[in-house]
Amino acid sequence: MSIDNAVKENNAESLLADIAITAELADYSPVKGCMVIRPYGYAIWENIQRILDKMIKDTGHENAYFPLLVPESFLQKEAEHVEGFAPECAVVTHAGGKELSERYVIRPTSETIINHMFSKWINSYRDLPMKLNQWANVMRWEMRTRLFLRTSEFLWQEGHTCHATHEEAKEEVIKMIHVYEDLLHNYLALPIHIGEKTESERFAGAVSTFSIEALMRDGKALQAGTSHDLGQNFAKAFDTTFTDSENKLAHVWQTSWGVSTRLIGAVIMGHHDEVGLILPPKIAPYQVVIIPILKKNLDNTKVLNQAKLFHKELTDLGLRVKLDDREQISQGIKFNEYEQKGVPLRLVIGERDLENGCVELHRRDIRSKDKDIQIAGLIESIVRLLDEIQSGLFTRALEYRKENTKIVKNIAELDSVLDSKSLGFARAMWNGDVELERILKEKFSASIRCIPLRPELPSDHPCIISGTVSPQNREILIAKAY
RNA sequence: CGGGACAUGGCUCAGCUUGGUAGAGCGCUUCGCUUGGGACGAAGAGGUCGCAGGUUCAAAUCCUGCUGUCCCGACCA
């Protein structure tokens with residue numbers, strides 16, 4: 001299906017793959033459920049990595065690396081953890097031509113093996129807090145996979161920290177979910193809701209789980225990152241203890257938090273239009289593409305030199321710029337290619353422009369073309385436009401979310417919201433009765449995305465299921481999700 | 001894992017019902033002509049029809065099994 005048709009039919013399944021493949025972000029691999037991330041897609045990941053890695057280090061964490069293989073017995077030490085992850089683990093049973101005496105699990109996440117090491121490294125309260133992060137690949141054998149949003153193998157970062165007190169661990173959990181908010185808002189241009197997961201949606205082995213929830217353009221919510229308060233569950237399972245300042249032995253309090261290559265899926269499904277991908281400038285592999293109009297059998301030196309000069313000036317400013325001076329490809333094809341790839345700005349320069357002292361600039365986000373940009377002041381215009389595009393994309397996504405967030409008082413109202421084509425978030429009050437989650441799942445194939453950290457409803461808003469007002473009621477966001 | 005569909009040059013697909021020498025469009029290569037939004041013309045390269053069995057004189061086509069992909073559920077970052 002073409003991207004255009006997929007958008008018109010709101011066929012998200014087809015759309016995601018169409019955009020990812022045409023934009024050359026990724027391709028299907030010969031291994032079930034796994035994708036190949038192509039250079040253009042990987043460059044986006046590298047940009048996200050560079051930005052987030054700095055944030056993680058700036059908040060006092062250090063990078064480390066733990067092995068891919070985890071002894072199967074490790075996974076089994078934490079009861080809820082094994083129950084949650086065992087069904088989706090790939091297991092190595094043979095190596096060196098022999099069957100292994102203990103099987104190895106390919107990490108679905110690294111809490112267990114990291115705790116094993118923590119218990120060796122942590123002895124005293126003076127060793128705390130210990131705040132580590134690793135960039136790694138993990139594998140979860142999912143029933144159904146989708147490019148970027150759910151592949152069997154995916155890339156992520158996972159932070160793992162140990163603290164002397166529960167309060168400090170809780171602060172860490174909230175601090176890191178806000179780091180993710182910063183990343184999504186200010187770099188991916190995707191507005192998110194921060195909130196706590198309900199018990200049924202919690203990470204296997206966590207005391208509480210916070211997530212960031214983004215809204216995609218097809219009206220479905222996407223969990224884009226999580227931060228878990230692990231309490232002492234893993235510490236107890238792995239006997240990760242320390243001697244406190246009063247010489248008493250105690251288990252550490254832990255957190256873990258992660259975001260993955262799913263973020264690229266979030267960008268695709270959060271910013272596309274009927275042409276294809278739209279990339280926020282801050283993570284775009286190329287922020288500007290320069291296309292010189294070349295004439296065959298004519299002297300293009302002047303045009304090419306000017307294009308190279310722009311390329312140098314912009315690159316010197318620290319911008320990521322691509323000069324496409326391929327002579328064999330017509331500019332029409334190039335225009336199309338870079339639009340599908342979501343390059344924020346296109347700078348076109350030909351003989352005609354040089355004579356007039358101007359160039360053509362095309363904005364990908366609103367698909368506008370200005371043919372009379374004066375060369376004098378061009379560089380400043382480009383820098384300003386990139387900022388405008390970045391903030392414009394966020395504003396647009398925020399507007400879209402506002403339009404697609406409905407306040408509901410009861411199930412009947414929810415019915416009219418979730419049954420409509422637009423989907424989106426429903427904001428409601430809830431008394432905590434798990435019956436609601438059953439109804440959501442069975443009737444609406446929806447779920448409680450989170451209990452938002454920043455509630456917006458008045459306290460006398462009635463519970464969606466009981467219809468009563470109570471101080472025990474909590475605000476929730478409901479949506480269909482990926 | 002339950003239900004459905006599909007698997008044929010690089011891509012999208014036709015051919016299969018009714019077995020008989022493998023097709024189209026796009027893409028690719030060369031040449032010509034064009035060039036400010038996906039040009040045009042000509043010539044050419046490229047496929048043991050997903051894999052393994054079976055039926056048959058003969059299988060892309062019929063039968064069985066397997067694998068993979070997509071869609072709908074359940075599961076999930």
Side-chain angles (χ1 to χ4, degrees), chain A residues 1-2 4-6 9 11-18 21-22 27-35 83-89 108-109 136-158 180 197 200-204 209-214 221-228 256-266 275-276 291-298 300 303 327-340 346-356 358-360 362 367 369 371-372 441-442 445 447 481-482:
Chain A
M1 188 178 294
S2 72
D4 193 28
N5 282 337
E9 295 176 19
N11 185 339
E13 313 298 337
S14 156
L15 185 65
L16 174 67
D18 285 345
I21 304 276
T22 3
D27 205 347
Y28 293 105
S29 81
V31 181
K32 181 181 167 67
C34 296
M35 65 174 171
E83 196 187 318
F85 280 106
E88 53 187 69
C89 281
T109 179
N137 56 341
V138 287
M139 177 160 274
R140 298 180 188 177
W141 213 257
E142 303 288 355
M143 291 303 161
R144 202 173 137 198
T145 55
R146 265 189 279 206
L147 293 179
F148 290 107
L149 293 185
R150 193 177 304 107
T151 45
S152 298
E153 182 188 5
F154 56 93
L155 306 182
W156 76 346
Q157 61 66 218
E158 47 179 326
Y180 292 154
K197 287 290 189 183
S200 65
E201 300 267 329
R202 204 177 275 161
F203 177 76
T209 288
F210 288 81
S211 73
I212 50 172
E213 300 285 331
L222 181 76
Q223 178 174 315
T226 45
S227 183
H228 314 292
S256 71
W257 27 272
V259 294
S260 71
T261 34
R262 172 178 270 195
L263 289 179
I264 298 176
V275 175
I291 300 179
I293 303 294
L294 302 174
K295 312 273 183 187
K296 213 174 181 181
N297 304 324
L298 287 174
N300 293 306
V303 170
E327 285 181 39
Q328 317 84 338
I329 311 286
S330 77
Q331 61 268 17
I333 289 176
K334 292 180 187 174
F335 293 169
N336 223 274
E337 182 183 326
Y338 293 109
E339 276 169 40
Q340 287 178 330
R346 179 177 70 223
L347 175 57
V348 179
I349 171 162
E351 191 81 30
R352 201 161 76 197
D353 301 303
L354 287 185
E355 285 164 13
N356 300 332
C358 59
V359 294
E360 179 184 304
H362 176 271
R367 302 194 70 206
K369 189 153 63 176
K371 294 188 177 191
D372 306 307
K441 189 171 174 179
E442 287 175 10
S445 38
S447 53
Y482 277 95

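Both backbone and side-chain heavy atoms feed into the values below; hydrogens, waters and symmetry mates do not. A note on names: the letters A, B, ... follow the listed sequences, proteins ahead of strands, and every chain is numbered from 1.
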Could you give the distance from CD1 (I329(A)) to CD1 (I291(A)), rounded to the nearest 0.5 Å? 11.0 Å
Between the CG atom in N356(A) and the NZ atom in K371(A), the distance rounded to the nearest 0.5 Å is 11.5 Å
Of all residues at least two apart in sequence or in a different chain, which pass the ring pair (Phe, Tyr, Trp, His ring centres under 6.0 Å) check with F203(A)?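 By the ring pair (Phe, Tyr, Trp, His ring centres under 6.0 Å) rule, F203(A) matches H81(A), F85(A), H228(A).
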Gap in Å between the two C1' atoms, one belonging to G68(B) and one to C62(B), rounded: 23 Å
Holding to side-chain contact (heavy atoms from CB on, under 4.5 Å), I want the full list of residues that pass it with S330(A), two or more places apart in sequence or in another chain. I333(A)
So what does G33(A) touch, heavy atoms closer than 4.0 Å: a base, only the sugar-phosphate, or nothing?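 Answer is sugar-phosphate: G33(A) comes under 4.0 Å of backbone atoms only.
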Counting the atoms with a prime plus P, OP1 and OP2 as sugar-phosphate, which does E327(A) contact under 4.0 Å by heavy atoms, base, sugar-phosphate, or nothing?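 Since no nucleic acid heavy atom lies under 4.0 Å of E327(A), the category is nothing.
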Quick check on [N]: is either OP1 or OP2 less than 4.0 Å from any side-chain nitrogen or oxygen of [X]?
| X | N | answer |
| --- | --- | --- |
| K441(A) | C75(B) | yes |
| Y28(A) | G68(B) | no |
| R144(A) | C72(B) | yes |

With distance as the sole criterion, is a donor-acceptor pair present between the side chains of E153(A) and T151(A) under 3.5 Å? no
Can you check each nucleotide of nucleotides 31-36 of chain B against protein heavy atoms at under 4.0 Å and return B for base, S for sugar-phosphate only, - for none, in 5' to 3' order? --BBBB
Please confirm whether any donor atom in the side chain of E442(A) sits under 3.5 Å from an acceptor in the base of G73(B), or the reverse.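 Counting by modelled atom types and ignoring angles, no donor-acceptor contact under 3.5 Å is found here.
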